[in-house]
2 protein chains.
Amino acid sequence: MTMPIENDIKQTTSFRSPYHRMTVNLMYTNGWVCDEQMYLLKPYGLTIQQYNVLRILRGQYPNPVKVADITERMLDKMSNASRLVDKLLAKELAQRTECPNDRRAVDVVITEKGLELLKIMDQHQNQWETRFHNLTEAEADELNRLLDKLRGSTE
Amino acid sequence: MTMPIENDIKQTTSFRSPYHRMTVNLMYTNGWVCDEQMYLLKPYGLTIQQYNVLRILRGQYPNPVKVADITERMLDKMSNASRLVDKLLAKELAQRTECPNDRRAVDVVITEKGLELLKIMDQHQNQWETRFHNLTEAEADELNRLLDKLRGSTE
DNA sequence: TTACATTAAATGTATAGACATTATATTTGT
DNA sequence: ACAAATATAATGTCTATACATTTAATGTAA
C-alpha cells in the first residue's frame, strides 16, 4: 500500500482514484519544487516569475521583446507581464523603450546588469539541480513524457 | 526529438537537462491542472484553496478543526489558513467558535451549507476527472510514483 | 476622412502566497 | 506566584494571480 503523498499532507481518507491522487500530488510536488527554487533565488532578490521573465529576455537578447511576447512565453499566461517588467525595471535588470513602428507597443530588453545576474544564477543551477537526482535521467525523461501526455501534448 | 513542452511555451533554446525540462514541465502542467480546476469551481464562487480547506473540514466533520491543523493538512503550508477561513465564514460555509479548553485556539467546523456545496462538487468530480484520461490508470500510478520519488518520499 | 472596431499596454480590484510582527493565552522554570 | 518562554491566531506588507476595465494607438470600412 503506497502512502507517500498521503503522509505528506496528513490525509485521513483515501483518494477516489489514481487521477485524483495525481492532481493533488502534482500540486504538492510543484509547491515543493517552487520552495526549492525560491531558496536559490531569494538571496538575489528575485522571485520565480521575475527570474522567468529575465530568462525570456535573455533568450531574445539583443533583440527587444514586446510585453505581449513575454506573456505568450511565460509559464503562467495569466500573470501580469506588465507589472513584472515594472519590477525588473526598478531593479535596473531590464529597460523599456517605446517601439518605433507601433507606439502602442513597448520594447523590453535585458540590461548588462540583468545578464550578469543571470550568469551568476547559471553557476548555481548545476549544483541546485542535484537535489532532483533521486530520479535518474531516464526517470526524469519518463516523468516529462507522462506530463506531456497528460496535457494531450504530442510530438 | 520530443518537443511538446517546448512548443507550449514557445521556447527557442533547448533545456540544459532532463531535470531542467522536468521542473519547467511540472510548473506548466500544474498551471494547466489548476486552470481546469478553476473552471469547475468558479461557477460556485470557490477558489481552489477555499475548496481544499472545505474538504479538510469535511474530512473531520463533525469534529472541529483548529486553524493550525488546517495549515498542517494544506497542500500549501505557507498560505494563510486564518484568512481563508475568513472567506468561508463570510459565505457561511464554515463556523468559527472559541475552543473551550484553550482560549487561544479556534474551532472551525463546516456548516450544513458547506456540506451541501461539497456534495454538489462531488457530483462533478467524476465527469471532471475524465479530462485526465489521456493517461491510463497505470500511467497515472506511474506518474504518482515518480513524483513521490522525486520528493524523496518513500513508503 | 471619419466612425468603428481592434490591438497593446497599463491600471484597478479581489484573492492568495510568503513572510514578519503583534496580541492573547498558556506553559514552564524558579 | 510570577516572570519568561512558548503557542495560537490574527494582522500587516509586498508580491503575484485572475480577471475586468481603461487608455491610447492602429487598422478598417463606409
Side-chain angles (χ1 to χ4, degrees), chain A residues 27-28 30-54 64-91 93-94 96-108, chain B residues 27-28 30-54 64-72 74-91 93-108:
Chain A
M27 281 192 267
Y28 186 74
N30 178 247
W32 178 80
V33 170
C34 286
D35 286 350
E36 296 288 327
Q37 195 164 8
M38 280 191 300
Y39 183 77
L40 174 68
L41 294 175
K42 194 151 195 188
Y44 299 94
L46 278 182
T47 67
I48 293 174
Q49 296 312 321
Q50 289 169 15
Y51 182 47
N52 286 340
V53 171
L54 221 45
V65 186
K66 300 200 196 325
V67 172
D69 296 338
I70 296 174
T71 301
E72 196 180 33
R73 287 185 155 83
M74 281 177 68
L75 294 184
D76 195 329
K77 312 292 185 198
M78 290 315 292
S79 80
N80 204 320
S82 184
R83 275 188 273 234
L84 286 172
V85 169
D86 282 347
K87 301 288 160 59
L88 296 179
L89 237 73
K91 293 172 194 163
L93 301 173
R96 186 155 56 180
T97 55
E98 196 178 74
C99 177
N101 357 331
D102 185 343
R103 285 170 50 214
R104 288 170 304 185
V106 166
D107 280 342
V108 184
Chain B
M27 281 192 267
Y28 187 75
N30 179 249
W32 178 80
V33 171
C34 285
D35 286 349
E36 296 289 326
Q37 196 164 6
M38 278 189 302
Y39 182 78
L40 174 70
L41 294 175
K42 191 146 198 193
Y44 299 94
L46 278 182
T47 66
I48 294 175
Q49 295 311 321
Q50 289 168 16
Y51 183 47
N52 286 341
V53 171
L54 220 46
V65 187
K66 300 197 197 328
V67 173
D69 295 338
I70 296 174
T71 301
E72 194 179 34
M74 280 176 68
L75 294 184
D76 193 330
K77 312 293 186 199
M78 290 317 289
S79 80
N80 204 319
S82 185
R83 275 188 274 233
L84 285 172
V85 169
D86 282 346
K87 302 286 160 62
L88 295 178
L89 237 74
K91 294 172 193 163
L93 301 173
Q95 273 186 320
R96 185 155 56 180
T97 56
E98 196 178 75
C99 177
N101 358 330
D102 185 343
R103 284 171 51 214
R104 287 170 304 183
V106 166
D107 280 342
V108 184

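By convention in this document, chain letters (A, B, ...) are assigned in the order of the sequence lines, proteins followed by strands, and residues within each chain are numbered from 1. If you're wondering where the values come from, they're calculated on a predicted model, not measured in any experiment.
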Q: When you compare the side chains of B:Lys91 and B:Gln50, does any donor N or O come within less than 3.5 Å of an acceptor on the partner?
A: yes
Q: Please report the distance, rounded to the nearest Å, between CZ in B:Arg103 and P in D:dA10.
A: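 My rounded result for the distance is 15 Å.
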Q: Pick the closest DNA chain D nucleotide for A:Asp102 and for B:Ala68 by heavy atoms, then say which residue is nearer the 5' end.
A: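 The answer here is B:Ala68.
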Q: Would you kindly give the CG-to-C1' distance between A:Asn101 and C:dA8, to the nearest whole Å?
A: 13 Å
Q: Decide, yes or no, whether a salt bridge links B:Asp86 with B:Arg96 under the criterion of side-chain N to carboxylate O below 4.0 Å.
A: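 Salt bridge present between B:Asp86 and B:Arg96.
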Q: Heavy-atom distance under 4.5 Å between the side chains of B:Ile48 and B:Met38, does that happen here?
A: yes
Q: Using only modelled atom types and a 3.5 angstrom limit, is any donor from either the side chain of B:Arg83 or the base of D:dG12 paired with an acceptor on the other?
A: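 Check passes, donor-acceptor contact within cut-off.
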Q: Quick one: B:Asn80 CG to D:dT15 P, roughly how many Å, whole number?
A: 18 Å
Q: Heavy atoms from C-beta onward define the side chain here; which of C:dA16, C:dC19, D:dA10 lies closest to that of A:Lys42?
A: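 My answer, after comparing the listed nucleotides, is C:dC19.
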Q: Take atom CG of B:Asp69 and atom C1' of D:dT8, then tell me their distance rounded to the nearest Å.
A: 11 Å
Q: To the side chain of B:Lys66, which of C:dA10, D:dT15, D:dA9 is closest?
A: D:dA9
Q: Would you kindly give the CD1-to-P distance between A:Ile70 and D:dA16, to the nearest whole Å?
A: 14 Å
Q: Find which nucleotide of DNA chain D each of A:Ile48 and B:Ala105 is nearest to by heavy atoms, and output the residue with the more 5' nucleotide.
A: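 Result of the comparison: B:Ala105.
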Q: How long is the line joining CD of A:Gln49 and C1' of D:dC14, in whole Å?
A: 15 Å
Q: Ignoring the backbone of A:Ser82, work out which of C:dA16, C:dA9, D:dT15 is nearest its side chain.
A: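 Closest nucleotide to the A:Ser82 side chain: C:dA9.
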Q: Look at the side chain of A:Arg104 and the base of D:dG27, then say whether one donor and one acceptor between them are separated by less than 3.5 Å.
A: no
Q: To the closest 0.5 Å, what do you measure between CG (B:Leu93) and CG (B:Leu46)?
A: 6.5 Å
Q: Between A:Arg96 and C:dA10, is there a contact of a side-chain N or O with OP1 or OP2 at under 4.0 Å?
A: yes
Q: Tell me: CG of B:Leu89 to P of D:dA10, nearest whole Å?
A: 9 Å
Q: Tell me what B:Leu84 touches on the nucleic acid: a base, only sugar-phosphate, or nothing, going by heavy atoms under 4.0 Å.
A: sugar-phosphate
